[in-house]
Amino acid sequence: MTATQDPAQQKKYGAHDIPSYLDPNNIGPYEIYLEQVERVTPYLGKLAYWVETLKRPKRILVVDVPIHLDDGTVAHFEGYRVQHNTSRGPAKGGVRFHQDVTLSEVMALSAWMTVKNAAVNLPYGGGKGGVRIDPRKHSTGELERLTRRYTTEIGLIIGPEKDIPAPDVNTNPQTMAWMMDTYSMNVGRTSTGVVTGKPVSLGGSLGRADATGRGVFVTGAEAMRKLGMPMEGARIAIQGFGNVGEAAARIFHQHGAKIVAIQDVTGTVYSAAGLDPHAALEHLRRTGKITDLPGSEEIGRDEFWSVDCDVLVPAALEKQITLENADRIKARLIVEGANGPTIPAADDLLAEKGVTIVPDVLANAGGVTVSYFEWVQDFSSFFWTEDEINRRLDRVMGEAFLSLWEVKEQHGVTLRTAVYIVSCTRVLEARALRGLYP
Ligand SMILES: NC(=O)C1=CN([C@@H]2O[C@H](COP(=O)(O)OP(=O)(O)OC[C@H]3O[C@@H](n4cnc5c(N)ncnc54)[C@H](O)[C@@H]3O)[C@@H](O)[C@H]2O)C=CC1
Ligand SMILES: O=C(O)CCC(=O)C(=O)O
């Protein structure tokens with residue numbers, strides 16, 4: 001069904017064609033965030049006085065990133081670092097390399113970091129960075145030069161006490177090692193705390209690689225308990241099989257759930273009997289694609305949304321769940337591993353259908369939580385065991401889920417609105433206490 005055929009939309013706009021600028025599916029990432037802030041404002045009481053703070057990023061840096069390509073020519077890429085808010089501490093959030101990166105997207109991702117960090121009570125504001133580049137079209141040498149030049153360009157505003165980048169889509173521990181090395185060369189000392197998600201041998205933390213997927217599992221499992229859904233045999237469909245999606249699939253599988261569908265950029269595979277995430281990863285590494293996975297059948301990209309499942313985990317990109325597919329989703333529970341996968345109009349439609357959503361700003365906060373542990377370990381040069389890290393992570397995520405669920409029940413709102421109530425209150429309390437004058 002298209003947006004124009006959707007009865008809910010027809011009720012809102014009339015039964016004729018919706019002009020594209022009114023089509024809720026066309027909403028931009030920062031507009032999604034602004035709408036989420038609008039929705040929470042009535043719950044902020046006196047702090048609503050300060051709400052404009054949440055709508056405006058504190059600082060935006062747009063940089064030109066020129067590099068020598070392997071063929072000797074020079075190419076220019078546009079990069080960004082946005083510090084949405086620093087009221088509660090230094091900015092914190094990942095760096096994305098993707099061909100569709102825009103300033104609006106990075107502004108939204110940065111704002112969602114502010115909300116997320118406050119949701120799990122980390123002493124951080126929110127930041128995010130990105131470079132518009134298709135990394136699949138570049139050699140490792142070109143990506144290293146890009147990363148180093150980008151780091152130098154944003155070096156003006158990052159630092160262990162100012163703004164701490166980390167991995168996001170298409171960046172990884174190696175990218176963080178290059179960023180750490182470049183920043184360190186520029187400041188004349190080894191500065192491990194400038195980025196997190198580093199390799200363990202360079203001051204990275206045990207447990208960081210799986211942390212986001214683990215947090216998706218912990219919050220998903222808590223939500224299933226609340227909804228009376230057994231884990232054993234629960235059918236899970238996962239979009240995105242990278243850092244977040246692969247770990248989430250593996251951990252759900254370890255706990256007895258059945259991974260019935262996996263979609264990544266190369267295609268979609270399905271098996272009613274369940275897929276083995278270990279075999280899927282091995283197959284992906286060997287062949288470079290998820291399709292042709294033994295024991296699976298390939299289904300169409302759009303069919304993914306209609307798959308019979310109990311839990312849906314979007315763990316790829318923004319704006320995946322829209323009015324084009326929300327009504328076909330069969331899951332009772334959606335756990336948002338990705339940032340911004342659901343547009344607000346689809347959020348409403350799913351709420352009406354009785355689908356529970358564990359929102360991105362809670363579900364995927366496990367990554368930044370272990371990033372925080374990494375930063376603390378780097379400052380003290382004292383490293384914890386993986387067991388210790390996982391125990392602390394499980395506790396932070398589990399307790400955050402339960403207290404936010406209580407807020408949801410108390411106000412009779414969705415879990416997303418509950419998280420925004422708590423996070424925006426925390427951020428604006430800090431803003432109000434700090435005041436405005438230099
Ligand atoms: N890496 C981290 O620690 C965190 C990541 N996130 C969010 O999780 C999401 C995924 O990030 P990562 O796993 O780190 O990225 P990644 O680069 O490791 O993996 C991305 C995955 O998405 C798939 N994908 C890309 N475009 C797609 C499309 N159009 N349709 C279906 N699949 C597609 C890719 O094939 C890949 O499997 C992003 O929204 C990111 O912002 C959120 C919190 C922390
Ligand atoms: O680990 C971090 O600092 C941030 C990870 C991130 O980019 C995210 O949570 O979206």
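When a ligand or atom number is given, it counts from 1 through the structure's own listing order. Remember, it's a predicted structure, so these values are computed and weren't measured experimentally.
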Classify the contact between [X] and ligand 1 as side chain, backbone, both or neither, using a heavy-atom distance cut-off of under 4.0 Å.
| X | result |
| --- | --- |
| Pro341 | neither |
| Val169 | both |
| Met113 | neither |
| Glu246 | neither |

Which of the listed options, [options], holds the heavy atom that is closest to [atom]?
| atom | options | value |
| --- | --- | --- |
| atom 10 (C) of ligand 1 | Ala209, Gly240, Ala315 | Ala315 |
| atom 33 (C) of ligand 1 | Asn339, Val216, Val265, Asp360 | Val265 |
| atom 9 (C) of ligand 1 | Gly93, Ala316, Gly367 | Ala316 |

What residue and atom, counting heavy atoms only, is the protein's closest point to [atom], and at what distance?
| atom | answer |
| --- | --- |
| atom 37 (O) of ligand 1 | Phe241 N, 2.8 Å |
| atom 3 (O) of ligand 1 | Thr212 OG1, 2.8 Å |
| atom 41 (O) of ligand 1 | Asp168 OD1, 2.6 Å |
| atom 28 (C) of ligand 1 | Arg301 NH2, 3.8 Å |
| atom 18 (O) of ligand 1 | Asn243 N, 2.9 Å |
| atom 19 (O) of ligand 1 | Gly242 CA, 3.3 Å |
| atom 17 (O) of ligand 1 | Asn170 N, 2.9 Å |
| atom 13 (O) of ligand 1 | Val244 N, 2.9 Å |

For [X] and [Y], test the side chains for any donor-to-acceptor distance below 3.5 angstrom and give the result as yes or no.
| X | Y | result |
| --- | --- | --- |
| Asp264 | Thr266 | yes |
| Thr102 | Arg132 | no |
| Glu303 | Thr268 | no |
| Asn186 | Thr152 | yes |
| Trp112 | Gln36 | yes |
| Lys58 | Ser87 | no |
| Asn170 | His98 | no |
| Thr175 | Asn172 | yes |

Quiz prompt | Neighbour count >12 (heavy atoms, 6.0 Å) for atom CZ, Arg301 | solution =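 More than 12 within 6.0 Å, yes.
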Quiz item: Take atom NZ in Lys319; do more than 12 heavy atoms of anything else shown fall under 6.0 Å from it?
Solution: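 Count over threshold, so yes.
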For ligand 1, which atoms sit closer than 4.0 Å to a heavy atom of [X]?
| X | value |
| --- | --- |
| Gln239 | 30 (N), 31 (C) |
| Arg96 | 38 (C), 39 (O), 40 (C), 41 (O) |
| Arg208 | 3 (O) |
| Leu317 | 26 (N) |

Quiz item: Does ligand 1 have an atom that lies less than 4.0 angstrom from a heavy atom of Glu318?
Solution: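 False for this residue.
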Quiz prompt | Minimal non-hydrogen separation, Ile343 against Leu323, with atom names | solution =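 In terms of heavy atoms, the two residues are closest at CD1-N, 4.1 Å.
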Self-check item: Where Val260 and Cys309 come nearest, the two heavy atoms and their spacing
Solution: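 The pair with the smallest heavy-atom distance is CG2-CB, 4.2 Å.
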Quiz item: Could you state the interatomic distance from CG (Asn390) to CH2 (Trp384), rounded to the nearest 0.5 Å?
Solution: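 Result: 12.0 Å between the selected atoms.
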Quiz item: What residues form a ring pair (Phe, Tyr, Trp, His ring centres under 6.0 Å) with Phe401, not counting sequence neighbours?
Solution: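 Ring pair (Phe, Tyr, Trp, His ring centres under 6.0 Å) list for Phe401, sorted by chain: Trp405.
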Does ligand 2 have any N/O atom under 3.5 Å from a protein N/O, and what are those pairs and their distances?
from	atom 1	to	atom 2	distance (Å)
ligand 2	1 (O)	Arg208	NH2	2.9
ligand 2	1 (O)	Ser371	OG	2.6
ligand 2	3 (O)	Lys92	NZ	2.6
ligand 2	7 (O)	Gly94	N	2.9
ligand 2	7 (O)	Lys128	NZ	2.7
ligand 2	9 (O)	Lys116	NZ	2.6
ligand 2	10 (O)	Lys116	NZ	2.9
ligand 2	10 (O)	Lys128	NZ	2.8
ligand 2	10 (O)	Asn339	ND2	3.0

Quiz item: Given the side-chain rings of Phe77 and His138, with only the six-membered ring counted for Trp, is the space between their centroids under 6.0 Å?
Solution: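 Yes, ring centres under 6.0 Å apart.
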Quiz item: Is the centre of the Tyr33 ring less than 6.0 Å from the centre of the His84 ring?
Solution: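 Yes - the distance between ring centres of Tyr33 and His84 falls below the 6.0 Å cut-off.
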